[in-house]
Amino acid sequence: MTLTDRYVDAALRRLPARQRPDIERELRASIADAVDDRVDGGTDPDAAEVAVLTELGDPQRLAAGYADRPLHLIGPALFLDYTRLLAILLATVLPAVAAVVALIRAMDDADAGTVVADAFSATFTAAIHIGFWTTVLFAVIERFPGQHWQIRTWTPNALPEPPSRRLKYTELALETAATVLFSTLILLTPVVSTEKDANGDPIGLLAPWLWDTGVVYGFIALVVVALGFSFARYYGRWNVPIAIARGLATIACSILLIALAANDRILNPEFIAAAGWSGDVNRWVYIGVVATSIGTLAHAVVEAAKQVRKG
């Protein structure tokens with residue numbers, strides 16, 4: 001077999017039998033014409049044949065072109081849709097998985113470490129499955145028989161509208177008001193209460209341990225720091241370090257709350273007794289804290305990931 005015969009044979013192996021006769025004739029004629037042109041230009045016939053086949057490239061790649069068979073997992077026509085869908089699924093499904101698993105483990109009276117570990121494990125597993133099956137789906141669509149995907153024509157009309165600065169300011173004002181109100185209520189709980197002891201002194205809603213150790217002030221400081229990052233986002237340039245720092249502050253708040261709730265360090269036992277509340281109130285506070293914290297954590301991670309992706 002000549003070098004051309006070997007090349008043609010290697011290319012035809014990758015093609016359906018019904019296409020081989022026509023493509024073989026076309027390919028051989030193309031190679032022969034290109035070789036003749038080089039020979040007429042003074043090139044040695046053997047060297048001309050090698051040069052022509054080198055220009056044609058890998059016969060398997062050439063065959064894929066004849067058969068219109070993609071050599072990529074997901075082509076350019078579907079790649080943006082693939083990444084957009086994957087991002088949406090990860091941003092919506094993962095927080096839901098984390099919240100549900102955390103709630104279930106909290107209702108089983110698991111400790112805080114177990115709740116966080118199980119929620120993280122379930123979220124990580126869900127992320128792997130979402131990534132794998134979404135990729136498989138688009139790879140199958142890419143290779144659907146007889147389907148030719150076209151890249152949609154883009155126009156400036158597709159550009160997203162920028163959020164109104166007035167709307168951003170309204171959100172910032174509401175967040176500030178909520179933070180001030182929340183912090184004020186916490187600081188007033190030792191002196192403003194619906195329950196009083198035998199001496200007529202108010203019984204604080206929150207556990208005295210929080211004040212004795214100063215933990216309550218540390219928690220409020222973290223909340224204020226998170227609000228400070230919101231101001232930085234509005235008035236300054238939002239970048240990756242600030243986004244990550246805000247996410248870490250939010251994570252610290254959530255973890256602290258979960259640890260306090262897991263050890264019954266949030267409500268004052270004296271207040272619970274004076275108010276006649278059920279002994280299960282700490283358990284329900286724990287479940288509520290876990291659900292809220294997991295949702296907040298997921299949102300913080302997603303926001304930080306978006307900023308990291310933007311660069």
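A distance of 12.5 Å separates OG of S183 from OH of Y217, quoted to the nearest 0.5 Å. Between atom CG of residue D201 and atom CD of residue E195 there is a gap of 13.5 Å, rounded to the nearest 0.5 Å. Note that CZ of R38 and CG of D33 are 13.0 Å apart. Values are rounded to the nearest 0.5 Å. One finds the CG atom of L90 at 11.0 Å from the OG1 atom of T123 (value rounded to the nearest 0.5 Å). Atom CG of L12 and atom CG of L62 lie 9.5 Å apart (nearest 0.5 Å). For the atom pair CZ of R265 and CG of L256, the computed distance is 12.5 Å after rounding to the nearest 0.5 Å.
Inter-residue side-chain proximity for T4 and E49 is flagged as met; some heavy-atom pair is nearer than 4.5 Å. L86 is not listed as a side-chain neighbour of F138, based on a closest heavy-atom distance of 4.5 Å or more. Side-chain contact between W209 and V215: present, with at least one pair of heavy atoms (C-beta onward) separated by less than 4.5 Å. Contact of the N268 side chain with the I272 side chain is not registered, since no non-hydrogen atoms from C-beta on lie closer than 4.5 Å. Residues R25 and P21 meet the side-chain proximity criterion, which asks for heavy atoms closer than 4.5 Å. Residues S193 and L205 fail the side-chain proximity criterion, which asks for heavy atoms closer than 4.5 Å. Contact annotation: the side chain of L137 never approaches that of T134 to less than 4.5 Å [non-hydrogen atoms, C-beta and beyond]. The shortest side-chain heavy-atom distance between I31 and V8 falls under the 4.5 Å cut-off.
Linking Ile, Leu, Val, Met, Phe, Trp and Tyr whenever their side-chain heavy atoms come within less than 4.5 Å leaves L222 and V180 in two separate clusters. Residues W277 and L260 share a hydrophobic cluster, clusters being chains of Ile/Leu/Val/Met/Phe/Trp/Tyr side chains in contact below 4.5 Å. Hydrophobic clustering, with ILVMFWY side chains joined whenever heavy atoms are under 4.5 angstrom apart, keeps I130 apart from F120. Under the 4.5 Å side-chain heavy-atom criterion for grouping Ile, Leu, Val, Met, Phe, Trp and Tyr, V224 is connected to I186 within one hydrophobic cluster. Residues L185 and V223 do not share a hydrophobic cluster, defined by chaining ILVMFWY side chains whose heavy atoms lie under 4.5 Å apart.
Under a 4.0 Å N-O distance rule, the pair R28/D5 qualifies as a salt bridge.
Closest approach of G131 to Y82, counting heavy atoms only: O-OH, 4.5 Å. Residues A226 and E175 come closest through the heavy atom pair O-OE2, 4.4 Å. Taking each heavy atom of R20 and R13 in turn, the nearest pair found is NH2-O, 3.7 Å. Taking all atoms of both residues into account, the shortest heavy-atom contact from P45 to V35 is O-CG1, 4.4 Å. Looking at every heavy atom in both residues, P202 comes nearest to P190 through CG-O, 3.7 Å.
Neither side chain, T2 nor Y7, offers a donor N or O lying under 3.5 Å from an acceptor on the other.
The environment of Q19 atom CD is dense: over 12 non-hydrogen atoms of other residues, nucleotides or ligands sit within 6.0 angstrom.
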Please lay out, stage by stage, how F182 and I220 fare under the test side-chain contact (heavy atoms from CB on, under 4.5 Å). CA-CA 9 Å; F182 177 70; I220 292 177; over 6 Å; no
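Put simply, the residue from V281, L206, I203 that forms a side-chain contact (heavy atoms from CB on, under 4.5 Å) with F271 is I203.
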